[in-house]
Amino acid sequence: MKRFDYDVVVIGGGPAGLVTSMYIAEKGFSVAVLERDKEIGVPVLCGEGVSKKIDELGIIPRGRWIVSEVVGARIFSPNGTMVKLSAERAGGETGYIIDREEFDKELARLSAKRGADIFLRCNARQGIFEDGKLVGVKADLDGEEVKFFAKIFVGADGIESRVGKWIGIDTRLKPKDIVSCFEYTLSGIECDKDYSDFYVGKSIAPGGYIWVFPKGDDVANVGIGILGSYSRPGLAKELLDRFIESKENLRKGKAIRVLTGAVPVARPVESFRDNVVLVGDAARHTDPLTGGGIMHALIGGKAAGESIAESLEENDISLLKRYEERWKEILEKKLKRNYMMKEIASGFDDKTFDKLAESVKNINFEEFSTYGLIKALVLKHPSLLIKLKPLLGLR
Ligand SMILES: Cc1cc2nc3c(=O)[nH]c(=O)nc-3n(C[C@H](O)[C@H](O)[C@H](O)COP(=O)(O)OP(=O)(O)OC[C@H]3O[C@@H](n4cnc5c(N)ncnc54)[C@H](O)[C@@H]3O)c2cc1C
């Protein structure tokens with residue numbers, strides 16, 4: 001059986017795995033990325049919305065992957081009340097509408113340029129253990145069984161995360177912590193190319209929302225995410241079709257792409273154990289409120305890559321704990337607060353969404369924070385204090 005030896009083996013060639021490998025290769029260590037699909041970035045499983053704050057990370061330069069830019073987001077409650085937010089205040093999923101295939105491919109190019117090896121059609125199937133420690137991975141490479149050996153392994157294998165399971169990390173997801181998605185790219189529609197639109201409400205998208213992300217003035221990604229605990233087979237498509245049919249500007253659209261997928265909206269799991277690190281969706285770093293995970297995959301990937309390189313430089317595996325310190329410093333508070341907000345909001349009925357939208361629709365969100373929003377809601381609706389109180393502590 002063919003054998004490959006590397007300093008690090010990364011399982012999964014999505015944004016998290018590619019960025020992790022980029023920072024390891026940059027320091028001159030050998031790193032292999034194993035991707036089971038035949039092409040990086042394909043199939044696309046994404047609404048393709050991302051915050052412009054991605055530029056500040058300094059990981060991927062602006063390029064062809066940016067399809068359009070919006071100035072903000074509009075949130076519509078079930079009775080049509082609109083709340084407008086500037087792009088900065090709208091969370092992680094608005095600012096740029098991207099070409100996700102091109103985005104992932106650009107990350108792959110950046111990583112390969114620094115020296116990472118990318119293995120396509122390479123399905124990691126099983127861990128190889130010695131004295132309870134992960135030392136290798138059995139994989140199918142182009143139909144041939146091969147083995148990869150390394151000092152450190154990275155599980156960047158998305159929502160399914162087999163790597164976490166191999167080492168005993170509980171990555172199981174409860175239905176209430178998964179969002180099922182269905183999305184069309186609709187052509188021949190009319191949409192406002194300056195805004196990403198979100199439609200909320202229990203009757204519209206239980207536990208989630210419908211998004212319309214413009215890729216121009218006549219093309220948009222129109223998708224829905226609904227919480228697993230409210231879902232049944234076919235429901236996401238049914239609700240999205242009903243929504244599109246009800247909208248004059250979308251009804252005439254022709255689908256040029258259809259996709260389905262799932263997003264973890266859970267609490268983060270243990271992000272490293274011994275010589276194994278989990279990043280991105282595998283570590284449950286997706287924003288539990290919005291389902292957006294691209295930015296967090298990049299932040300986690302950089303933190304993991306830098307910490308792994310330092311650990312190899314010092315020949316000290318205990319330095320992997322720096323990965324946890326780094327991602328927690330940036331993401332922990334937000335993930336905690338947004339998980340609580342998701343738990344609370346998923347119980348709201350349509351009337352509550354209408355009431356909330358009505359209360360905040362005239363607030364200038366340019367000068368507003370999530371903390372300020374929660375405070376304003378509690379002042380207007382003291383009955384929400386008990387539910388929202390824990391969030392006030394997470395400023
Ligand atoms: C429908 C939908 C819409 C979304 N919209 C947005 C959005 O608009 N904005 C946003 O920020 N986020 C969005 N997300 C979330 C975002 O796509 C993810 O958070 C992001 O892709 C996470 O990156 P990742 O690298 O952790 O995982 P992934 O991108 O899932 O990459 C994991 C990779 O691992 C590979 N893999 C898995 N198992 C193995 C194995 N055993 N061997 C080899 N390879 C393996 C997979 O093929 C895959 O390429 C959306 C998700 C879905 C499903």
Which label fits Phe182 and Tyr184: parallel for a plane angle under 30°, tilted from 30 to 60°, or perpendicular past 60°?
perpendicular
Take the angle between the ring planes of Trp65 and Phe103 and call it parallel below 30°, perpendicular above 60°, tilted in between.
perpendicular
Can you classify the ring geometry of Trp211 versus Tyr209 as parallel (below 30°), tilted (30 to 60°) or perpendicular (above 60°)?
perpendicular
Shortest non-hydrogen separation from Leu227 to Ser346 and the atoms involved:
CD2-CB, 3.7 Å
Assess whether side chain to side chain contact (heavy atoms under 4.5 Å, CB included) is satisfied between Ile159 and Thr286, documenting all intermediate values.
CA-CA 10 Å; Ile159 187 165; Thr286 327; over 6 Å; no
How long is the gap from CD on Glu190 to CD on Glu248, to the nearest 0.5 Å?
8.0 Å
Asp197 side-chain N/O to Val212 backbone N/O, donor-acceptor pair under 3.5 Å
no
Any Lys/Arg nitrogen of Lys193 or Asp217 sitting under 4.0 Å from an Asp/Glu carboxylate oxygen of the other?
no
Ionic contact status for Glu310 with Lys27, cut-off 4.0 Å:
no
Minimum heavy-atom separation for Ala205 and Gly225, please, with both atom names.
CB-O, 3.9 Å
Cationic N near anionic O, under 4.0 Å, Lys202 to Asp350
no
Measure the CG-OG distance between Leu320 and Ser307 for me, rounded to the nearest 0.5 Å.
7.5 Å
Salt-bridge test for Glu101 and Lys105: reply yes if a basic N is under 4.0 Å from a carboxylate O, no otherwise.
yes
Between Phe149 and Ile128, does a side chain to side chain contact (heavy atoms under 4.5 Å, CB included) hold up when you go through it step by step?
CA-CA 9 Å; Phe149 289 90; Ile128 304 167; 4.1 Å; yes
Side chains of Ser311 and Asp316: any donor to acceptor distance under 3.5 Å?
no
Which pair of non-hydrogen atoms, one from Leu110 and one from Ile59, has the smallest distance, and what is that distance?
CD1-O, 3.7 Å
Between Arg114 and Glu26, is the closest basic N to carboxylate O distance under 4.0 Å?
yes
If the condition is side chain to side chain donor-acceptor pair (under 3.5 Å), which residues does Arg109 pass it with, not counting sequence neighbours?
Glu102, Glu106
With rounding to the nearest 0.5 angstrom, report the CG to CD1 distance, Asn221 to Ile97.
7.5 Å
Leu134 backbone acceptor or donor facing Asn275 side chain under 3.5 Å:
yes
Excluding sequence neighbours, so at least two apart, what forms ring-ring contact (aromatic ring centres under 6.0 Å, His included) with Phe76?
Tyr199
What is the minimum heavy-atom distance between Gly208 and Val200, and which atoms define it?
O-CG1, 4.4 Å
Return the minimal non-hydrogen interatomic distance between Gly12 and Val33, and the atom names on each side.
O-CG1, 3.7 Å
Given the options Leu107, Ile60, Val31, Met22 meets side-chain contact (heavy atoms from CB on, under 4.5 Å) only with Leu107
For a side chain to side chain contact (heavy atoms under 4.5 Å, CB included) check, start with the C-alpha distance between Phe4 and Leu34, then their side-chain angles and the critical distance, and finish with the verdict.
CA-CA 12 Å; Phe4 298 90; Leu34 318 187; over 6 Å; no
Please round to the nearest 0.5 Å and tell me the distance separating atom CG of Asp218 and atom CG of Asn249.
12.0 Å
Looking at Glu39, is its backbone amide N or carbonyl O close enough to the side chain of Asp37 to form a donor-acceptor pair, meaning the two atoms are under 3.5 Å apart?
no
Spatial distance of atom CZ (Arg267) from atom CG (Asp177) [nearest 0.5 Å]:
7.5 Å
Distance-only, no hydrogens or angles: does the Asn123 side chain make a donor-acceptor pair with backbone N or O of Asp140 under 3.5 Å?
no
Heavy-atom closest pair, residues Lys165 and Glu160:
NZ-O, 3.0 Å
Okay, side chain of His296, backbone of His285: is any donor-acceptor separation there less than 3.5 Å?
yes
CZ (Arg62) and CD1 (Ile54) are apart, to the nearest 0.5 Å, by 11.5 Å
Under 6.0 Å between ring centres: does that hold for Phe198 and Phe213?
yes
Salt bridge check: are Glu325 and Lys328 linked by an N-O gap of less than 4.0 Å?
no
Do side-chain atoms of Arg284 reach the backbone of Thr171 as a donor and acceptor pair under 3.5 angstrom?
yes
Under a 4.0 Å N-O cut-off, is there an ion pair linking Arg257 with Glu183?
yes
